[in-house]
Peer 1: 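Quick one: structure below, then a few questions.
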Amino acid sequence: MSTLESYLEGAWRAGGGEGVPVADAVTGELVTRVSGEGLDLAAAVAYARRTGLAALGELTFLQRAAVLKSAALALQERRQELYELSARAGATRRDAAVDVDGGIGTALVYASLARKGLPDHTLIVEDDPIPLGRGGTFAGRHVLTTPRGLSLQINAFNFPVWGMLEKLAPALLAGLPTIVKPATPTAYIAAHAVRIIADALPPGAIQLVAGSVPGLFDLLGGQDHIGFTGSAATAARLRSDPAVTRRSARFNAEADSLNCSVLGPDAVPGEPEFDLFADALVTEMTVKAGQKCTAIRRAFVPANLADAVCEAVAARLARVVVGAPDADGVTMGPLVGLAQREDVRAAVARLARAASVVCGDPDKVEVVGADAGRGAFLSPLLLRADDVDRPEPHDVEAFGPVCTLLPYRDAAGLNELIARGEGSLAGSVVSYDADFVRNVVLGAAAHHGRLLVLDRDSAGESTGHGTPMPQLVHGGPGRAGGGEEEGGLRAVHALLRRTALQGGPAMLDTITSKE
Ligand code: NAP
């Protein structure tokens, strides 16, 4: 089995040595080996800074938007290839739509936002002249320009396409050359996406390094940006690197999250919100087999409705068919690999100190179209913790099809419980009682990057709890990493360097106008 190639300095090259074997999530067969051994990362960084920066610098924001659009359309044309590879990582067609189509859609939205909202220029002038003297001869303005560095994008395994494109799109628009470092278990999918778009992009605008990247941070400094998605533990390690702490490379982290969804006391069985809540819970548990940073981990339900919610969710989970992504009737695929399944089982064992498993069996699952002994299959698992003060449900992220029901008694206690997640990417409130919703939202907003309100009026068009939207901010405070991505053109602005310019108004005009 050959080693997965990295795309460096405009050419595909394989790392040396044995590499890390990556197995098919369904069959356990070897898919590829991943190795970064011997790759010349210093040359890659120099190529990004020299060739990539220069090529992107020749384009205005609008020209970069056109390039981004053509890359997205190239992916669209060949998305079937990405679906097929995604199936090897356990993704059903529905899962692949979230990653592949979601990624392409995000890139297209960015191209369109840029076309409408960015100038045909290489810099952005943020404000009109701000008078700084009585005589009108001295003023100030803020400009945003492209840093003289690169964007290193370190991605998690669960969204090899979307995760890459939601970072690449704003970087490309900002004129920053990208080096992508995909997570090892799904690096072959990200690499294929890069193969598809590489020719549509200016030279040096994208490089991809598969495998580990020893020494790479030593090459980074104050003009570079590091966009990290992954676990809080890795984020903590990387953000303490001297590249960040001494040389001030910008560092943005998107990390784990104990996302919650809250059912309102008004949403009793028979009300539409009760069903919307149960449906959303099951969707979030099963899409991507729950391997989603935004999936609902803590489901807060009024204590008097806990039994009814358990029953409703169990009835829906009973209809979930686990198996090979391409087998008939399958609605949930395996986890990405056996190691990931072991991690999830270990997390469930920790959760089980405080909660009981009320639906599913961590050690047994019926599987359709595949050998349960070879693939990384796991039953969806609903837990219930009646002692909501135990730390585990608020602290342990089981990154799989796992959710814990937590009964709450009153609104004041609820806000405290939500806050115990210590910062989340996404939360939702499912209720038709505006006072209740307002109370929860205002109490929870500071702990969340995104909050969804779901009720009978908005459900038809709602994009759902777990779906980040390119127009809206994705990220969360505290444990969720403290970072912010997407949010429309905010993401582009955030990658640019803001400088306050002072001088005579006419001079400032000359400097900031195009030619
Ligand atoms: P991970 O083990 O922390 O790895 C994340 C990325 O960091 C991978 O590309 C990994 O590469 C890389 N990495 C690890 N050590 C590194 C080092 N010393 N230098 C440079 N890169 C390094 O996380 P994961 O298992 O891929 O993803 C699951 C976690 O990500 C979950 O906790 C989930 O909550 C979180 N997540 C968060 C978001 C979000 O948007 N907030 C989205 C998705 C996932 P290798 O794979 O080669 O080790």
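Just follow the structure's listing: the first ligand is 1, and inside any ligand the first atom is 1. Just so you know, these numbers come straight off a predicted model, no measurement behind them.
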Peer 1: Is it the side chain, the backbone, both or neither of Thr184 that has a heavy atom closer than 4.0 Å to ligand 1?
Peer 2: both

Peer 1: Under 3.5 Å, N or O to N or O, is Asn158 touching ligand 1 that way?
Peer 2: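 Among all N and O atoms of Asn158, none is under 3.5 Å from an N or O of ligand 1.
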
Peer 1: Do ligand 1 and Gly230 have nitrogen or oxygen atoms that lie under 3.5 Å from each other?
Peer 2: yes

Peer 1: Determine, considering heavy atoms only, which of Asp241, Thr234, Leu425 sits nearest to atom 2 (O) of ligand 1.
Peer 2: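 The nearest heavy atom belongs to Thr234.
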
Peer 1: Drop me the distance from His465's NE2 to Leu281's CG, to the nearest 0.5 angstrom.
Peer 2: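 Answer rounded to 0.5 Å: 9.0 Å.
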
Peer 1: Against heavy atoms of His474, which atoms of ligand 1 measure under 4.0 Å?
Peer 2: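 Listed by number with element, the hits are 39 (C), 40 (O).
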
Peer 1: Using distance alone, with no hydrogens and no angle criterion, decide if Thr106 and Glu166 have a side-chain donor and acceptor under 3.5 Å apart.
Peer 2: no

Peer 1: Under 4.0 Å from ligand 1, counting heavy atoms only, is it the side chain of Thr294, its backbone, both or neither?
Peer 2: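 Neither; no heavy atom under 4.0 Å.
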
Peer 1: Check each atom of ligand 1 against the heavy atoms of Ile154 and keep those under 4.0 Å away; list them by number with element.
Peer 2: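 Result: 6 (C), 7 (O), 9 (O), 12 (C), 20 (C), 21 (N).
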
Peer 1: Is there a nitrogen or oxygen of Ser212 sitting under 3.5 Å from a nitrogen or oxygen of ligand 1?
Peer 2: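 Min N/O separation from ligand 1 is not below 3.5 Å for Ser212.
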
Peer 1: Examine ligand 1 and decide if any of its atoms is less than 4.0 Å from a heavy atom belonging to Gln291.
Peer 2: no

Peer 1: Under 4.0 Å from a heavy atom of Asp256: give me the atoms of ligand 1 that qualify, with their elements.
Peer 2: 32 (O), 34 (O)

Peer 1: Have a look at Phe277 and tell me which of Leu454, Val301, Val429, Val313 forms a side-chain contact (heavy atoms from CB on, under 4.5 Å) with it.
Peer 2: Val301

Peer 1: Answer with side chain, backbone, both or neither: which part of Leu216 has a heavy atom less than 4.0 angstrom from an atom of ligand 1?
Peer 2: neither

Peer 1: I'd like to know whether ligand 1 has Phe217 as a neighbour, heavy-atom separation below 4.0 Å.
Peer 2: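 Contact absent.
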
Peer 1: Please work out whether any backbone atom (N, CA, C, O) or any side-chain heavy atom from C-beta onward of Val213 is under 4.0 Å from ligand 1, and answer side chain, backbone, both or neither.
Peer 2: side chain

Peer 1: Assess Pro214 for proximity to ligand 1: is some non-hydrogen atom of it under 4.0 Å away?
Peer 2: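 Not so, Pro214 does not reach ligand 1.
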
